[in-house]
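Every chain is numbered from 1 and lettered A, B, ... according to where its sequence line falls, protein lines coming before strand lines. Here the structure is a predicted model, which is why all the values come from computation and not from measurement.
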There are 2 protein chains.
Amino acid sequence: MSPRPVPEAEPAQPRWLDAEEQKAWRAWLYSTTLLQDRLERDLTHSAGVSSAYYEILVQLSEAPERRMRMSQLADRCLASRSRLSHAVSRLEERGWVAREVCVEDGRGQLAVLTDQGMAALVEAAPVHVASVREHLFDQLSPAQIAAMRDIGETLLRHLDAR
Amino acid sequence: MSPRPVPEAEPAQPRWLDAEEQKAWRAWLYSTTLLQDRLERDLTHSAGVSSAYYEILVQLSEAPERRMRMSQLADRCLASRSRLSHAVSRLEERGWVAREVCVEDGRGQLAVLTDQGMAALVEAAPVHVASVREHLFDQLSPAQIAAMRDIGETLLRHLDAR
DNA sequence: GCGGAATAGTCAAGAGCTCAACTACGCTTC
DNA sequence: GAAGCGTAGTTGAGCTCTTGACTATTCCGC
């Protein structure tokens with residue numbers, strides 16, 4: 001598969017990143033990648049669950065009656081429906097999540113966090129929090145943490161609006 | 001990041017995130033995930049290459065004589081050796097990268113960026129830069145960009161050290 | 001030189017993700 | 001109340017990544 005021609009809508013030559021932007025970009029790219037990798041590794045090694053699966057458990061644990069429609073769950077986990085469907089199937093095999101039919105909508109399904117799943121989450125959560133603290137919050141000053149939040153929220157306003 | 005308090009003894013209960021930290025954490029987690037997804041999609045759809053593969057091309061293009069030892073390339077791309085080996089194989093199939101034996105070290109291999117690979121990179125780069133600009137730099141003030149770099153470099157000093 | 005430890009890279013099996021096709025149900029219209 | 005369309009969710013093929021084993025080569029102390 002060879003690269004397709006660039007659509008002509010784009011300017012032929014966009015503004016390159018200057019030296020400052022390059023450094024900011026590299027710092028963001030590397031730090032986010034390394035931090036995510038690190039948190040992922042800590043979580044999988046200590047709790048036996050990936051961050052994607054952990055997020056599903058968290059969202060369900062916070063939902064009323066520990067159950068949620070598949071679509072809504074997918075949205076909250078920033079996952080596609082297909083991905084969520086696969087993931088829930090795996091979690092079902094472990095007995096951590098169960099599927100229920102939705103009475104209000106015959107097309108729908110509910111994902112339910114089982115007691116066993118809740119127990120797994122309760123065991124994993126402290127380890128995960130400790131990891132986030134160690135590699136993120138403990139490294140940053142209060143001002144940096146505030147700035148991180150500000151930047152994140154600014155980007156979210158743009159990205160959520162698509 | 002619940003579950004809510006579990007006062008009865010878990011081993012070494014860590015300090016939970018307070019409300020401020022929760023918001024900062026969620027903002028970071030969602031914004032980085034959405035931004036990475038967005039850049040990834042832009043890159044794959046417009047240039048037909050994932051960001052991981054793009055990074056390989058970039059690193060090779062900046063290396064002396066456009067070639068680099070496999071291990072060094074893996075380090076720079078934040079990839080495992082296995083992952084890089086697979087990726088280089090795919091890029092080789094496209095004719096964008098070639099393998100060469102290393103004369104100084106019989107165990108070693110060199111990855112070389114071909115002319116065709118360089119051409120693909122030259123075509124992809126402007127689109128990628130435009131995407132990074134649109135979704136990152138255009139959204140942030142100069143102060144936010146400086147803070148982003150500062151935070152990223154602070155985290156890198158911690159994460160690189162291990 | 002020689003043998004053991006370390007290093008470079010590849011490979012095979014298994015898991016997760018994406019894309020597109022598919023089933024099943026609900027809603028609207030006539 | 002049947003047709004047509006949109007929505008909810010699942011499935012399967014193909015790809016990528018991870019882990020751990022494996023080969024080949026180099027390094028180093030003797």
Does a side-chain N-to-carboxylate-O contact under 4.0 Å join B/Arg133 and A/Glu21? yes
Assuming nearest nucleotide by heavy-atom distance, tell me which of B/Tyr53 and A/Arg41 is located more 5' along DNA chain D. B/Tyr53
Between CG of B/Leu78 and P of D/dT16 the distance, given in whole Å, is 19 Å
Kindly state each residue pair satisfying ring-ring contact (aromatic ring centres under 6.0 Å, His included) with at least one member in residues 99-136 of chain B, sequence neighbours excluded. A/His158-B/His135, B/Tyr54-B/His128
Closest of C/dA8, C/dT18, D/dT18 to the B/Arg81 side chain is C/dA8
The residue among A/Asp37, A/Leu39, A/Thr32 that forms side chain to side chain contact (heavy atoms under 4.5 Å, CB included) with A/Leu35 is A/Leu39
Rounded distance (Å) that lies between atom C1' of C/dT10 and atom CG of B/Leu110: 16 Å
Please encode protein proximity along nucleotides 20-27 of chain D as a string of B, S and -, counting only heavy-atom distances under 4.0 Å. -----BS-
Whole angstrom value for the distance that separates C1' of C/dG9 from CE of B/Met68: 17 Å
Side-chain contact check for A/Ser80: nearest option of C/dC17, C/dT18, C/dC19 is C/dT18
Counting heavy atoms from C-beta on, name the nucleotide in C/dC11, C/dG9, C/dT10 closest to the side chain of B/Arg69. C/dG9
Once hydrogens and angles are ignored, does a donor-acceptor distance under 3.5 Å link the base of C/dG9 to the side chain of B/His86? no
Give a yes/no on whether any side-chain N or O of A/Arg90 is located under 4.0 angstrom from OP1 or OP2 of C/dA15. no
Side chain of B/Arg83: nearest nucleotide among D/dA8, C/dG9, D/dC17? D/dC17
Residues in ring pair (Phe, Tyr, Trp, His ring centres under 6.0 Å) contact with A/Trp96, at least two apart in sequence or another chain: none
Side-chain donor-acceptor pair present, A/Glu40, A/Ser51, cut-off under 3.5 Å: yes
